[in-house]
Student: 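If you scroll down you'll find the structure; I have some questions about it.
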Amino acid sequence: MSQISLSFPDGNSRDYPAGITAAEVAESIAPSLAKRAISANLDGRHIDLAWPIAESGAITINTMKDEAPALELIRHDFAHVMARAVQEIWPDVKVTIGPVRDHGWFYDFDRKEPFTPEDLGRIEAKMKEIIAARDPVRTEIWDRERAIAHYKGQNEPFKLELIDRIPEGEDVRMYWHGEWQDLCRGPHLQNTGQLPADAFRLTHVAGAYWLGDASRPMLQRIYGVAFRNKADLKAHLTMLEEAAKRDHRKLGREMELFHFQEEAPGMVFWHPNGWTIYRELEAYMRRRLTRAGYKEIKTPQVVDRILWEKSGHWEAYRENMFIVEVDEEGAKEKRTNALKPMNCPCHVQVYNQGLKSYRDLPLRLAEFGSCHRYESSGSMHGLMRVRGFVQDDAHIFCTEDQIEAECASFLDLLGSVYADLGFEKFDIKLSTRPETRVGSDEIWDKAETALEAAILKVRNDFEVDPGEGAFYGPKLDFKLTDAIGREWQCGTFQVDFNLPVRLDAEYIGEDGGKHRPVMLHRAILGSFERFIGILIENYSGKLPLWLAPRQVVVASIVSDADDYVRRVVDALRAAGLRAEADTRNEKINYKVREHSVGKVPAILAIGMKEVEAGTVSLRRLDSQGSRTLSLEEAVAELSAEAAPPDLR
RNA sequence: GCCGGUUUAGCUCAGCAGGUAGAGCAGCUGAUUUGUAAUCAGAAGGUCGCGGGUUCGAUUCCUGCAACCGGCACCA
């Protein structure tokens, strides 16, 4: 038998007979390591301990201390154990696939009756039994025919389809967990008893299409989470509770920001508090855009379908547009209009008025564009996905040579806006040319190179998504990370060679001839609605002073202080602060509690001491104590902090 | 749009194996004048999401629809 050489993380290497398993390698290093070993990495590939190693390479033995491989194995084995438990309880259930995902795994089943929450408890109990039985895990490689015959015998149509999809030449591997087996790529633990029976939980059941295809049958998906130990599971469950507390839908109601109602699904009714946030954010963006050389415009809500046919939207998105039919007087037919689902075609109309010269470029047209899209009923979600929304939209008309500079200055603006709004970290994704596209390869080369060069000026870590660009040009997407680590795609920067052609935009070049401008679609916030939802969740409702709807509440301790309270409120308002008086006949404890729960950033408590000394007692949200300041000091401190970040 | 669930007072939620509903908080009224996260008392508040059916009788059972929630699909 031939020899192979395996190198270890410490730099040493040793020769072994080919076909040795990772378990045997671990044993040869130290019996204690062999006991703790759970899997191995061979040249970066995660393999079973029992896997015969045929060729030389770099090997690392993994134990439960190695978080990434340990969690992958645990979660993957839990998926199998759960599927086994389900089939033991309901033998007629068909199994499909069960990958590791996020903090756990899911497994999709085909079963007529729906799984209920009570069923989850039953499955969990059965899983614990299986773990306690400590069944060994075995792997076998089958030939395709045998696997097909086996699953035909078992009447498992989904597994047959999966075998069909395994590429020719790849092994068909079967994993046995005791008497139960599953078609699987692996790797797995050596024994189901290695699973932490107290560190998993089945979380919920949901429908999911077979292979993610809406035209295929809907299966039932059971989700679970699992960790290496009970403490990690508990930490995760606590994190979920914390996330639920900052849900913008809940805070939106509690802080009286907005509401939704049945008669207008997906459309926001903004209340005074919520609309204050919106207006502050809009005013801020307007100042930033103006300073960055944008011209603001406003275009119609309702536009004849003829324009949408020209732009191509009618053909591609008609199903998702709100259609308005109008009986015009004397007309034979109804005229069909659509609420605009996006602003770009209208912006080209503004551009097209009057002849443009190369000297006019780049022309940056911005609009807080109110758009409507008929989103499918199941996709709406609070402010995060709505049918009526406003984009911080702009289109930059420029020459091909100007793409790089425009992209670079956009990146500056975007990074600065995100930082101002409290998001220091964001990721960039570059999506390049798809298979079906418009525009010559030369132009695509130019655009992709320009985008990449522009990003590289700001940073060198960005993800490339080949083939994921729009048919009309490459694009950048920007994902910001919030306070609890969730990612939100907000900004976008798209190069468009298509729409200027379809809508016939042109400019007169230095040579006196007509040329096509390039159109750059870009947004920073995405939509105001969604971004405000993200802000609320990021700050848990405790918005920075400049965005807080109610900035200061002045609360009297005794009614004899009421007159002074009103004078304090007047002084705060005169300094531009959003201040309210609370002179209700309640104890100060009650008022402090109520306004703290209502996320008011500053409370000024006024008793007779303050009245006599002309001072205020300032209590900041989440602080335990209070500070006594003169009225002038308090106004100065709060109004300085309430200035928007770009005006400080 | 698809699968499952939910819908009872302004909010959070009980309840009803069919005989038209109950709590806490909020709101209202009164008392209390209070020092930094809930003062006390009283009265009031609901066509039990909307429509149809079964029944002597439906908030409860059946059915259709809508909205919302959790996913899936979609997201120019």
Side-chain angles (χ1 to χ4, degrees), chain A residues 106 108 110-111 113-117 119 203-223 244 247 249-250 253-254 256 259-266 308 311-321 340-345 371 373-382 384-387 389 391 470-472 475 489 492 494 496 498-499 521 526-527 530 555-562 583-598 600 603-610 617-628:
Chain A
F106 64 76
D108 289 347
D110 184 39
R111 179 186 181 220
E113 302 74 28
F115 289 112
T116 64
D119 289 340
T203 54
H204 57 284
V205 187
Y209 296 109
W210 169 233
L211 299 175
D213 183 341
S215 66
R216 308 295 303 269
M218 178 147 292
L219 308 169
Q220 295 189 64
R221 174 171 296 180
I222 301 179
Y223 287 89
D247 187 313
R249 292 165 300 188
K250 180 177 177 294
R253 189 166 46 240
E254 288 171 1
E256 297 178 78
H259 85 269
F260 290 94
Q261 66 186 51
E262 249 182 76
E263 290 82 351
W308 304 116
S311 70
H313 290 98
W314 189 265
E315 196 186 357
Y317 297 107
R318 193 224 167 291
E319 290 297 303
N320 296 301
M321 288 162 75
K340 71 173 169 188
M342 53 192 322
N343 308 297
C344 25
C371 296
R373 295 179 186 175
Y374 189 79
E375 300 286 0
S376 64
S377 57
S379 67
M380 290 184 294
H381 178 85
M384 301 307 191
R385 185 93 175 258
V386 286
R387 286 181 176 164
F389 58 95
Q391 294 176 315
F471 71 92
Y472 49 74
K475 62 173 181 172
Q489 188 177 314
T492 188
Q494 306 174 0
D496 183 356
N498 181 47
L499 211 53
H521 308 243
S527 99
R530 182 159 181 274
S556 56
I557 297 171
V558 292
S559 51
D560 283 346
D562 288 358
T583 54
R584 289 174 305 168
N585 179 9
E586 294 290 351
K587 287 189 156 183
I588 191 65
N589 288 330
Y590 180 90
K591 295 182 185 181
V592 166
R593 178 172 199 283
E594 190 179 87
H595 297 123
S596 298
V597 168
V600 176
I603 299 171
L604 297 184
I606 307 291
M608 289 319 286
K609 269 192 282 182
E610 286 73 20
S617 170
L618 170 61
R619 183 195 169 98
R620 298 301 304 258
L621 183 57
D622 279 342
S623 80
Q624 295 306 313
S626 58
R627 287 183 294 137
T628 302

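In what follows, chains carry the letters A, B, and so on, assigned in the order in which the sequence lines appear, proteins first and then strands, with residues in each chain numbered from 1. Predicted model only: the values in this text are computed from it and were never measured.
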Student: On the nucleotide B/rU36, are OP1 or OP2 found under 4.0 Å from the side-chain N or O atoms that A/His595 carries?
Tutor: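 Checking B/rU36 against A/His595, no side-chain N or O comes under 4.0 Å of OP1 or OP2.
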Student: Go through the steps to decide whether A/Ser596 and A/Leu621 satisfy the test side chain to side chain contact (heavy atoms under 4.5 Å, CB included), and finish with yes or no.
Tutor: CA-CA 6 Å; A/Ser596 298; A/Leu621 183 57; 4.1 Å; yes
Student: Could you tell me the Watson-Crick or G-U partner of B/rG22, where both distances fall under 3.5 Å? Say none if there is no partner.
Tutor: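 Per the H-bond distance test, B/rC13.
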Student: Spell out yes or no: do the side chain of A/Arg249 and the base of B/rC69 have one donor N/O and one acceptor N/O closer than 3.5 Å?
Tutor: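 Such a pair does not exist between side chain and base.
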Student: Could you give the CG-to-P distance, from A/Asp110 to B/rG4, as a whole number of Å?
Tutor: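 Those two atoms, CG and P, are 13 Å apart.
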Student: Between the base of B/rG35 and the side chain of A/Glu610, is there a donor and acceptor pair under 3.5 angstrom?
Tutor: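 Side chain to base: pair present.
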Student: Any N or O donor-acceptor pair linking the side chain of A/Arg619 to the base of B/rA37 at under 3.5 Å?
Tutor: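 Such a pair is found, so the answer is yes.
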Student: Write down the distance between NE2 (A/His313) and C1' (B/rA76), rounded to a whole number of angstrom.
Tutor: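 Distance check: A/His313 NE2 to B/rA76 C1' gives 5 Å.
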Student: Counting side-chain heavy atoms from CB outward, which of B/rU36, B/rA76, B/rG70 is closest to A/Met342?
Tutor: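 Within the option list, the nearest is B/rA76.
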Student: Can you check whether any acceptor in the base of B/rA67 is under 3.5 Å from a donor in the side chain of A/Ser377, or vice versa?
Tutor: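 Checked by distance alone, the answer is no.
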Student: Could you list the residues that satisfy salt bridge (charged side-chain N to carboxylate O under 4.0 Å, His left out) with A/Arg620, not counting sequence neighbours?
Tutor: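 Expected list: A/Glu641.
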Student: Specify the separation, in whole Å, of atom CD of A/Gln220 and atom C1' of B/rA73.
Tutor: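 Atom CD in A/Gln220 sits about 17 Å away from atom C1' in B/rA73.
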Student: Looking only at side-chain N and O atoms, does A/Tyr590 come under 4.0 Å of OP1 or OP2 in B/rA26?
Tutor: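 For B/rA26, OP1/OP2 do have a side-chain N/O of A/Tyr590 under 4.0 Å.
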Student: Could you check which of B/rC68, B/rU33, B/rC72 has an atom nearest any side-chain atom of A/Ser559?
Tutor: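 Per side-chain heavy atoms of A/Ser559, the pick is B/rU33.
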Student: Report, as a single string ordered 5' to 3', how protein heavy atoms within less than 4.0 Å touch nucleotides 5-11 of chain B: B base, S sugar-phosphate only, - not at all.
Tutor: ------S
Student: Choosing from B/rC72, B/rA76, B/rA67, which nucleotide comes nearest the side chain of A/Met218?
Tutor: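 The closest nucleotide is B/rC72.
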Student: When rounded to the nearest 0.5 angstrom, what distance separates CD in A/Glu610 from OG in A/Ser556?
Tutor: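 Spacing of CD (A/Glu610) from OG (A/Ser556) equals 11.5 Å.
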Student: In Watson-Crick or G-U wobble terms, both distances under 3.5 Å, what is the partner of B/rA37?
Tutor: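 Result: none.
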Student: Could you measure the distance from the OH atom of A/Tyr317 to the CE atom of A/Met342? Nearest 0.5 Å is fine.
Tutor: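 Rounded to the nearest 0.5 Å, the OH-CE separation comes out at 8.0 Å.
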Student: Specify the closest pair of heavy atoms between A/Trp308 and A/Pro341, including all atoms of both residues, with the distance to one decimal.
Tutor: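 For A/Trp308 and A/Pro341, the tightest heavy-atom pair comes out as CH2-CD, 3.6 Å.
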Student: Quick one: A/Lys591 NZ to B/rA38 C1', roughly how many Å, whole number?
Tutor: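 For the pair A/Lys591 NZ and B/rA38 C1', the rounded distance is 14 Å.
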Student: Identify which nucleotide among B/rA76, B/rG71, B/rU39 has an atom closest to any side-chain atom of A/Asn320, counting heavy atoms from C-beta outward.
Tutor: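 Per side-chain heavy atoms of A/Asn320, the pick is B/rA76.
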Student: B/rC3 C1' sits how many Å from A/Tyr223 OH, rounded?
Tutor: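 Nearest whole value for this atom pair: 12 Å.
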Student: Between the side-chain atoms of A/Tyr374 and the base atoms of B/rG1, is any donor-acceptor pair under 3.5 Å?
Tutor: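 It does not, because no donor-acceptor pair links the side chain of A/Tyr374 to the base of B/rG1 below 3.5 Å.
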Student: Which listed nucleotide (B/rG70, B/rG35, B/rA73) is nearest to the side chain of A/Ser617?
Tutor: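 The nucleotide sitting nearest to the side chain is B/rG35.
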Student: Could you state the CZ-C1' distance from A/Arg584 to B/rU39, rounded to the nearest angstrom?
Tutor: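 That distance rounds to 14 Å.
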Student: Whole Å only: how far is the NZ atom of A/Lys587 from the C1' atom of B/rA31?
Tutor: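 Taking atom C1' of B/rA31 as the reference, NZ of A/Lys587 is at 14 Å.
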Student: Using a 3.5 Å distance criterion without hydrogens, assess whether the side chain of A/Arg221 forms a donor-acceptor pair with backbone atoms of A/Asp108.
Tutor: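 The answer is no, because no donor-acceptor pair under 3.5 Å joins these two groups.
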Student: Within this structure, what is the CG-to-P distance between A/Leu604 and B/rU36, rounded to whole angstrom?
Tutor: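 A/Leu604 atom CG is separated from B/rU36 atom P by 16 Å.
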Student: Per the atom types in the model, does the base of B/rC74 pair as donor or acceptor with the side chain of A/Arg385 at under 3.5 Å?
Tutor: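 A donor-acceptor contact between them is present.
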Student: Counting only Watson-Crick pairs (N1-N3 plus N6-O4 or O6-N4) and G-U wobbles (N1-O2, O6-N3), all under 3.5 Å, who is the partner of B/rC61?
Tutor: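 Paired with B/rG53.
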Student: How long is the span from the NE2 atom in A/His204 to the CZ atom in A/Phe115, to the nearest 0.5 Å?
Tutor: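 Nearest 0.5 Å value for the NE2-CZ distance: 14.0 Å.
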